[in-house]
There are 2 protein chains.
Amino acid sequence: MRELVLDILTEQKMAISLSDLEQKFHKSDRVTLYRTLKTFEEKKLIHSIDDGTGAVKYALCKESCQCHPEELHVHFLCLKCQHTFCLNDIPIPFIKLPVNFSIENINMVVKGVCSNCKD
Amino acid sequence: MRELVLDILTEQKMAISLSDLEQKFHKSDRVTLYRTLKTFEEKKLIHSIDDGTGAVKYALCKESCQCHPEELHVHFLCLKCQHTFCLNDIPIPFIKLPVNFSIENINMVVKGVCSNCKD
DNA sequence: ATTAGTTTGCAACTCAGTTGCATAAACTTT
DNA sequence: AAAGTTTATGCAACTGAGTTGCAAACTAAT
Ligand SMILES: [Mn+2]
Ligand SMILES: [Mn+2]
Ligand SMILES: [Zn+2]
Ligand SMILES: [Zn+2]
């Protein structure tokens with residue numbers, strides 16, 4: 001199962017959710033896929049994206065990725081096709097927090113219309 | 001009910017979720033509070049914040065707020081106390097998107113430790 | 001008082017995420 | 001190869017947030 005899931009994740013151009021993944025199999029168990037994604041995430045093969053649609057999506061990490069806050073990138077949710085893209089080339093800008101606030105992680109999701117759905 | 005809810009929202013220093021709100025009443029109906037929050041949000045009295053904890057939180061808007069993307073601010077989730085703060089003074093920085101991507105909205109949540117929980 | 005519109009309460013449902021437990025499969029040791 | 005051990009999978013069942021339909025309670029207007 002894990003190999004099949006990894007294949008699917010590799011060929012995706014956008015992030016996919018657990019139920020997206022489920023539909024790529026004719027016969028599959030939700031829980032197995034769920035646990036596979038969890039395992040992959042733990043091992044830092046993939047990262048999860050909460051784009052606010054209600055279902056967490058997942059995408060492959062880049063080779064070097066350690067999922068550290070410095071190397072985080074912006075995500076984009078298209079409000080027309082509902083696809084979520086990793087904007088790997090767009091790092092999350094530095095934020096100056098109030099005094100005594102320390103930072104561990106950032107989630108930044110830009111919502112709008114993607115180039116495919118334009119017009 | 002709406003007046004009571006507005007009072008509670010006004011005295012909050014941080015954003016609160018529906019279930020937080022529910023617990024501020026001895027006897028209350030979840031659905032009424034839910035619909036009250038929806039109404040307030042529609043009327044732009046409050047804005048909702050999805051900080052990734054699984055429950056949407058709500059906070060009063062500033063007087064002038066029209067909830068337009070230009071006037072959006074950063075939110076902060078403390079990983080220790082789980083409190084979510086509006087960083088009203090910290091606007092969301094401008095992001096240069098790939099060509100033909102248009103922007104309608106941004107959600108930016110910084111996670112870390114707040115000043116109260118420091119040390 | 002009658003009517004019409006609005007707000008509230010209850011029941012019930014959806015859907016994502018999660019857990020426990022038993023079985024199946026894979027891997028180790030003898 | 002057989003027995004024992006660990007790991008992966010499948011099924012059932014549950015949680016919690018969010019949501020909807022419907023009827024009763026309330027409010028305001030005629
Ligand atoms: Mn990504
Ligand atoms: Mn806010
Ligand atoms: Zn699109
Ligand atoms: Zn804190």
Side-chain angles (χ1 to χ4, degrees), chain A residues 1-10 12 14-59 67 75 77-79 81-84 105 107 109 111, chain B residues 1-10 12 14-59 67 75 77-79 81-84 105 107 109 111:
Chain A
M1 279 309 280
R2 291 188 185 173
E3 287 175 0
L4 293 174
V5 171
L6 186 58
D7 287 349
I8 290 175
L9 286 168
T10 308
Q12 292 304 308
M14 66 245 346
I16 64 171
S17 67
L18 172 58
S19 44
D20 292 339
L21 186 59
E22 209 183 340
Q23 283 163 14
K24 304 232 173 234
F25 293 92
H26 288 282
K27 189 186 166 297
S28 69
D29 188 80
R30 233 171 80 252
V31 181
T32 302
L33 298 175
Y34 166 74
R35 287 195 269 234
T36 299
L37 291 172
K38 281 270 158 165
T39 307
F40 284 177
E41 192 181 11
E42 247 166 49
K43 304 295 180 190
K44 292 177 177 170
L45 251 133
I46 62 176
H47 61 283
S48 62
I49 305 147
D50 184 348
D51 60 12
T53 53
V56 174
K57 291 176 183 165
Y58 300 86
C67 290
H75 290 104
L77 168 66
C78 174
L79 298 170
C81 64
Q82 293 286 104
H83 287 164
T84 298
N105 204 346
N107 180 32
V109 179
K111 301 174 193 189
Chain B
M1 278 310 281
R2 291 186 185 174
E3 287 174 2
L4 294 174
V5 170
L6 186 58
D7 287 349
I8 290 175
L9 286 167
T10 309
Q12 292 304 309
M14 66 245 346
I16 64 170
S17 67
L18 173 58
S19 45
D20 291 340
L21 185 60
E22 209 184 339
Q23 283 163 15
K24 305 233 172 235
F25 293 91
H26 288 283
K27 189 186 167 296
S28 69
D29 188 81
R30 233 171 79 252
V31 181
T32 303
L33 298 175
Y34 166 74
R35 286 196 269 234
T36 300
L37 291 173
K38 282 268 158 165
T39 307
F40 284 178
E41 191 180 11
E42 248 166 47
K43 304 295 180 190
K44 292 176 178 171
L45 251 133
I46 62 177
H47 62 282
S48 62
I49 305 147
D50 183 349
D51 60 10
T53 53
V56 174
K57 291 175 184 166
Y58 301 86
C67 289
H75 290 102
L77 168 67
C78 174
L79 298 170
C81 64
Q82 294 286 104
H83 286 163
T84 298
N105 203 347
N107 180 31
V109 179
K111 303 175 191 188

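Residue numbers begin at 1 in each chain, while the letters A, B, ... track the order of the sequences.
- Taking atom CG on A:L18 and atom P on C:dT19, their separation rounds to 14 Å, with Å as the unit.
- For the pair B:L21 CG and D:dG18 C1', the computed distance is 15 Å after rounding to whole Å.
- One interatomic measurement links the two molecules: CG of A:L4 to P of C:dA25, which rounds to 15 Å at whole-angstrom precision.
- One N or O on the side chain of A:N107 and one on the backbone of A:D50 form a donor-acceptor pair closer than 3.5 Å.
- Spacing between atom NZ of B:K57 and atom P of D:dA17 amounts to 11 Å, rounded to whole angstrom units.
- For A:Q82, the side chain to side chain contact (heavy atoms under 4.5 Å, CB included) criterion is met by A:T53, not counting sequence neighbours.
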What side-chain donor-acceptor pairs closer than 3.5 Å can you find for residues 29-42 of chain B, not counting sequence neighbours?
from, atom 1, to, atom 2, distance (Å)
B:D29, OD2, B:V31, N, 3.0
B:D29, OD2, B:T32, N, 3.3
B:T36, OG1, B:T32, O, 2.7
B:T39, OG1, B:R35, O, 2.7
B:E41, OE2, B:S48, OG, 2.7

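- Note that CZ of B:R2 and CG of B:L45 are 10.5 Å apart. Values are rounded to the nearest 0.5 Å.
- The ring pair (Phe, Tyr, Trp, His ring centres under 6.0 Å) search around B:H47 returns B:H73, B:H75, not counting sequence neighbours.
- Checking each of B:T84, B:I49, B:L21 against B:I16 for a side chain to side chain contact (heavy atoms under 4.5 Å, CB included) leaves exactly one that passes, namely B:L21.
- Every residue two or more places apart in sequence or in another chain that forms a side chain to side chain contact (heavy atoms under 4.5 Å, CB included) with B:S17 is listed here: B:S19, B:D20, B:A55, B:K57.
- The CZ-C1' distance, from B:F25 to C:dG9, rounds to 14 Å in whole Å.
- The interatomic distance linking A:K43 (NZ) with D:dT7 (P) rounds to 11 Å, in whole Å.
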* Structure fact -> Letter by letter from the 5' end, nucleotides 8-13 of chain D scores (B base, S sugar-phosphate only, - none; protein heavy atoms under 4.0 Å) SBBBB-
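- OP1 or OP2 of D:dA17 has not a single side-chain nitrogen or oxygen of B:Y34 nearer than 4.0 Å.
- Put simply, CD on B:E3 is 13 Å from C1' on C:dT7, counting in whole angstrom units.
- Across all their heavy atoms, A:Y58 and A:L9 have their closest contact at O-CD2, 4.3 Å.
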Kindly give the atom pairs (protein nitrogen or oxygen, nucleotide nitrogen or oxygen) under 3.5 Å for nucleotides 23-28 of chain D.
none

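- To the nearest 0.5 angstrom, A:I8 atom CD1 is 6.5 Å from A:L4 atom CG.
- Remark: P of D:dG18 and NZ of B:K38 are 9 Å apart, rounded to the nearest angstrom.
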